[in-house]
Amino acid sequence: MIALVVALFAIRKGNRNSSAATMVTLNEAFRQAWRRFLSAGEEAERQHEFAELMNLLEIGCAIYLEGSLSGVSRELTEEYLGNTLSLLESNDDARKRIELLRHSSTTFKYIRRFLVWSGRCGHPHKLTGILSSN
């Protein structure tokens with residue numbers, strides 16, 4: 001019985017450590033992606049960096065939705081993703097850029113799923129409509 005308790009504790013501790021490492025890595029990637037986008041000079045470069053930022057948001061939403069994060073790391077990631085998507089939905093330029101990036105019904109499917117999930121939790125986003133239309 002003691003071995004089972006120790007094993008469960010080790011698994012839980014390992015999950016939290018893994019979640020924290022994932023969150024720190026995502027945070028650093030977002031920091032760099034935002035810096036590249038905001039410092040891009042030419043329009044083609046800005047659009048490319050925005051696409052990279054959206055791809056990172058897609059990855060972040062996918063990681064969140066698959067349940068790879070736990071504890072405080074999950075809570076902080078959810079808050080960051082929700083706040084960032086709210087920022088994007090309130091910006092006309094960002095919405096136009098997103099529309100240019102949509103190539104199929106599966107483009108940004110994990111962002112869309114995160115937004116739908118978020119809406120069910122009482123935090124609806126206007127981007128859900130933009131990402132759902134073709």
Side-chain angles (χ1 to χ4, degrees):
M1 179 67 163
I2 293 175
L4 179 60
V5 170
V6 170
L8 290 173
F9 177 78
I11 290 170
R12 185 170 183 208
K13 185 87 167 156
N15 285 343
R16 286 194 176 175
N17 289 340
S18 176
S19 289
T22 299
M23 186 199 68
V24 168
T25 301
L26 276 173
N27 184 53
E28 179 60 19
F30 277 117
R31 187 186 68 75
Q32 290 178 20
W34 278 111
R35 188 182 71 223
R36 286 190 312 270
F37 170 68
L38 294 172
S39 67
E42 297 179 20
E43 179 54 32
E45 182 185 8
R46 285 185 66 77
Q47 184 63 15
H48 171 77
E49 294 303 338
F50 188 80
E52 293 297 317
L53 182 59
M54 289 301 295
N55 287 334
L56 187 55
L57 281 165
E58 176 80 346
I59 291 166
C61 288
I63 289 169
Y64 180 87
L65 290 170
E66 77 176 354
S68 292
L69 300 171
S70 62
V72 174
S73 298
R74 182 171 176 81
E75 182 182 338
L76 290 172
T77 300
E78 177 185 339
E79 188 172 330
Y80 180 83
L81 293 171
N83 289 340
T84 301
L85 292 169
S86 290
L87 174 71
L88 294 177
E89 82 179 1
S90 68
N91 185 286
D92 290 335
D93 182 60
R95 287 195 311 271
K96 289 175 188 171
R97 289 180 187 281
I98 291 168
E99 289 176 23
L100 290 172
L101 294 171
R102 290 203 59 248
H103 299 291
S104 73
S105 61
T106 59
T107 303
F108 305 130
K109 73 179 181 180
Y110 293 105
I111 293 174
R112 188 170 49 254
R113 288 178 185 175
F114 178 85
L115 292 170
V116 168
W117 173 86
S118 185
R120 288 181 186 149
C121 294
H123 309 287
H125 290 271
K126 295 174 189 171
L127 277 179
T128 306
I130 292 171
L131 292 169
S132 295
S133 62
N134 278 331

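This is a predicted model, so every value here is computed, not measured.
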Any side-chain heavy-atom pair of T77 and L81 under 4.5 Å: yes

Apply side chain to side chain contact (heavy atoms under 4.5 Å, CB included) to the pair F108 and L57, showing each step before the final yes or no. CA-CA 9 Å; F108 305 130; L57 281 165; over 6 Å; no

Is there a side-chain contact between F50 and I98 in this structure, where contact means two heavy atoms from C-beta onward sitting under 4.5 Å apart? yes

Report yes or no: do L87 and L26 belong to one cluster of Ile/Leu/Val/Met/Phe/Trp/Tyr joined by side chain heavy-atom distances under 4.5 Å? yes

Would M54 and I111 count as a side chain to side chain contact (heavy atoms under 4.5 Å, CB included) here? Give the steps. CA-CA 9 Å; M54 289 301 295; I111 293 174; 3.7 Å; yes

Taking all atoms of both residues into account, what is the closest heavy-atom pair of R113 and L65, and its distance? CB-CD1, 3.6 Å

State whether the number of non-hydrogen atoms from other residues, nucleotides or ligands found under 6.0 Å of E79 atom CD is greater than 12. no

For the backbone of L69 and the side chain of S73, can you confirm whether one donor and one acceptor N or O come within less than 3.5 Å of each other? no

List the atom of T106, the atom of R112, and the distance in Å for their closest heavy-atom pair. CA-NH2, 4.2 Å

What salt bridge (charged side-chain N to carboxylate O under 4.0 Å, His left out) pairs are there with at least one residue in residues 45-54, not counting sequence neighbours? R36-E49

Measure up the W34 and F37 rings against each other and bin them: parallel (under 30°), tilted (30 to 60°), perpendicular (over 60°). perpendicular

Any chance you could measure C61, atom SG, to E78, atom CD, to the nearest 0.5 Å? 10.5 Å

Parallel, tilted or perpendicular: which describes the rings of F30 and Y80, with under 30° parallel and over 60° perpendicular? tilted

Interatomic spacing from OG1 in T22 to CD1 in I63 - rounded to 0.5 Å: 6.5 Å

Are K96 and D93 within salt-bridge range, i.e. N to O under 4.0 Å? no

For the residue pair A51 and L101, what are the closest heavy atoms and their distance? CB-CD2, 3.6 Å

Cationic N near anionic O, under 4.0 Å, E43 to R97: yes

Please report the C-alpha distance between E58 and K109 in whole Å, then the side-chain angles of each, then the deciding distance to 0.1 Å, and finally whether the side chain to side chain contact (heavy atoms under 4.5 Å, CB included) criterion is met. CA-CA 8 Å; E58 176 80 346; K109 73 179 181 180; 4.0 Å; yes

Out of curiosity, does L38 fall in the hydrophobic cluster containing L88 (side-chain heavy atoms, cut-off under 4.5 Å, transitive links)? yes

Could you check whether any side-chain N or O of T107 sits under 3.5 Å from a backbone N or O of S104, counting only pairs where one atom can act as donor and the other as acceptor? yes

Over 12 non-hydrogen atoms of neighbours within 6.0 angstrom of CD in E66: yes

Using only atom types and a distance under 3.5 Å, with no angle test, would you say the side chain of S118 pairs donor to acceptor with the backbone of F114? no

